[in-house]
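What you see below is based on every heavy atom in this structure, not just the backbone, and it leaves out hydrogens, waters and symmetry mates.
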Amino acid sequence: MIKKWLRPFEEIAGNQRYMITGIWIILVIGYWVISSLGTKHLFPTPVQVAGGLRSLYNEGLVVHIVSSLLLCFKAAFISIIISLLIVYLSPIPLLKPIALFFSKLRFLPLTGITFYLSILVSNARQMQVWVLVIFMSLYFITSLLAVLKDIPEEEIDHARSLKCSRWEVLWEVVIKGRLDYALDVLRQNLAIIWMMLVTVESILVAAGGLGVLIKNSDKFANHGRIVALQIVILLIGLLLDWILQTLRKGLFRYSTF
Amino acid sequence: MDITDSAQGPFPLFYILIKMTIAYEQKDTILHVESLSIAYGDKVIISDISFTEKDTIRKDKVQGQTIAFVGRSGRGKSTLFKALTGLEQPTTGVVLIPDFSQSITNGNQPAKKVREGDVGFVNQKYTLFRHKTIYQALQFSLRNSSISASEKQEKIMKYLADWGLEQCKNQYPNELSGGQKQRTAILEQLLNSNYYMVLDEPFSGLDVGNILNVKESFRLVNESHELNTIIFSTHDIELAVELADSVYVVGYPKNNNGTLNRTGTILKHFDLKEMGLAWQGEFTDKHLDVAKEIKSIMLDS
């Protein structure tokens, strides 16, 4: 059995896959416990992390999670609407440069954009939302343009051969025919936004959120809390990813990728 | 050759050909291609393509037309097919089909330039809408039809039953077998484009069973209306000769100095009806001779 585990491209049974995953988890936890023994250690001990988690919960961790999720969902909603509109109109030659221009803007640094946004938006919470919207949209547009580019010409010709007008081709092949891809683009880009949340939430401490909790913990070098928060952020991110993946497969039976 | 009547003209033709075995008549022109060429920039892909196909009538039998195009890879068959379906605009020349929306004047059916959607097109991958079930796809094909919703449903259900697709009507393309996809793609175009259907290499990469499925689909299409016309390309020359009643060989013609002129055109036409080889139901030695001649032309092109 072990030999199979070490042979490249070997197909292994499902229960063996779980076994391998379990072994790795035990190894990581084991390394964590061993490396945190003694007086000098890089990571806090599991006990310190559990203590950090407890103190975070007592400080209203759930409220902060809800605040972060609301910020994330609000930004994602606005962003996906703007991005889809720009990308779905990009097959029109006159409007294509707009989508391409926004896609190129993803190389702009965050600082420059926040400077101009702070002039335009007075409300700090709005500022958080729009920083996320701008960054999310630039990545959404780039990913969605790639989805459009990958639509085979045969699909367009197929629709045209069925007497579809160009607008019908856009509706049937690009919009309806790629809804599942749009949802997957949202899933992939949400990870980037979730990562950016800590930075963005530090703009407005009063609004709370996981970013504020991390910042405060960082200030006091409370390692137990920092690692506990990292684990919470990671698990919520994975949960969001799983929900969107399940949603795509549930809503679109034909979506097999 | 027993030609008993040979009155000829471009569109209102009516002459009768009687063979030893199978008698047929030819009526109006159903497809007229004249001086067709397509170029992308300076690169001319096909040129000087002209041919005419007529409606074939057989006594006591509904008989559509099956036209095959054969030729080596890269000779412009797919480009020609795109022009025949209106998906590609000709650089020069025209593709004309009868305009059935107009009434016959002076005994002639008015002709019109082919536009996208007039002629169904099935590519070798049998592309379908990935987000529509078979039933939804056929419903979409009939969306412009003037018949009522209940008539549409009845029509779809009849076709699904005839074509053996009733059980999988609520399945998406990714849930279908290769054969089911083929039949759906052909049916979709049949419902939408009325009489014409172009299939680009429909037998490519198919196993024996699926080849039989497609052949059966051809028969169903051919026998459902006398104007139904299937145009297909294939690299299987024997299959082309067996199935078609008209075969065109596409290739590069030779220059005077013996070199190849790298622009595709029609090199030869075999009218298998006239040769007494169409609709035989079996592949005979005569079919084999034609196949050999076609291969020889192809090898020189």
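- Put simply, of B:Arg143, B:Gln189, B:Lys82, B:Glu175, the one with the most heavy-atom pairs under 4.5 Å next to chain A is B:Arg143.
- No side-chain N or O of B:Asp236 forms a donor-acceptor pair with one of B:Thr234 less than 3.5 Å apart.
- A salt bridge between B:Glu188 and B:Lys132 is absent, with no side-chain N of the basic residue lying under 4.0 Å from a carboxylate O of the acidic one.
- Side-chain N/O atoms of B:Gln136 and B:Tyr172 include no donor and acceptor closer than 3.5 Å.
- Heavy-atom distances place no part of B:Arg115 under 4.5 Å from chain A, backbone and side chain included.
- Ring-centre distance between B:Phe69 and B:Phe232: not below the 6.0 Å cut-off.
- Looking at B:Thr85, neither its backbone nor its side chain comes within 4.5 Å of chain A, counting heavy atoms on both sides.
- Of the atoms belonging to B:Glu116, heavy atoms from both backbone and side chain fall under 4.5 Å from chain A.
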